[in-house]
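In what follows, every heavy atom counts, from backbone to side chain, and hydrogens, waters and symmetry copies are set aside.
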Amino acid sequence: MLAKDYGYRPAQFERMVREHGGVEAARLLLRGAGTAGGFTVLWEKNQLGRSSEAVMLREEYAELFTPDELLLARRRLEEHGFDVDAHLRRIAEPG
């Protein structure tokens, strides 16, 4: 869990999920100007694989988002030096 691992609790994201559900919360963060504070914390900790953008791109969730949303999520991650394809390969590996 992020709070235990990094001393950071994503309270705003948790509230958004409670109010809007996970998919809409991810969409709201994606459409927001710039990046959310939680994204910045994850980037600083080299943990962008835990971001909502990275989760959106996972095979099991990608169908919930439009192609434009997925492209925006990928671009945001790549602009911050995150290797999206390597991450997706790594999480797809069995075991």
Any chance CD of E60 has more than 12 other-residue heavy atoms, nucleotides or ligands included, within less than 6.0 Å?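 Yes.
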
Nearest heavy atoms of L30 and E69, plus distance in Å: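 Closest pair (atom of L30, atom of E69, distance): CD2-O, 3.3 Å.
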
Which pair of heavy atoms, one from L77 and one from S51, lies closest together, and at what distance?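 Scanning both residues completely, I find the closest heavy atoms to be CD2-OG, 3.6 Å.
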
With the side chain counted from C-beta on, respond yes when L71 and R75 share a heavy-atom pair under 4.5 Å apart, and no when they do not.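 Yes, their side chains come closer than 4.5 Å.
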
With heavy-atom distances below 4.5 Å as the criterion, would you say the side chains of F82 and N46 are in contact?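 Result no, sub-4.5 Å side-chain heavy-atom pair not found.
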
Restricting to side-chain contact (heavy atoms from CB on, under 4.5 Å), what partner residues turn up for A26, sequence neighbours left out?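 Residues passing side-chain contact (heavy atoms from CB on, under 4.5 Å) with A26: S52, M56, F65.
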
Contacts of type side-chain contact (heavy atoms from CB on, under 4.5 Å), residue D68, not counting sequence neighbours: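 For D68 the side-chain contact (heavy atoms from CB on, under 4.5 Å) partners, ignoring immediate neighbours, are T66.
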
Does any N or O in the side chain of W43 come within less than 3.5 Å of the main-chain N or O of H80, such that one atom is a donor and the other an acceptor?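 Checked: pair present.
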
Any donor-acceptor N/O pair, R76 side chain to E53 backbone, under 3.5 Å: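 No: the side chain of R76 does not pair with the backbone of E53.
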
Listing request: all salt bridge (charged side-chain N to carboxylate O under 4.0 Å, His left out) pairs with a residue in residues 80-92, at least two apart in sequence or in separate chains.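 Checked against salt bridge (charged side-chain N to carboxylate O under 4.0 Å, His left out) - neighbours excluded - the pairs reaching residues 80-92 are R74-D85.
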
What is the distance from atom CZ of R58 to atom CD1 of I91, rounded to the nearest 0.5 Å?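 Output value for this atom pair is 4.0 Å.
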
Mind checking the CZ-CG spacing from R31 to L29? Nearest 0.5 Å is all I need.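 Here the rounded value is 10.0 Å.
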
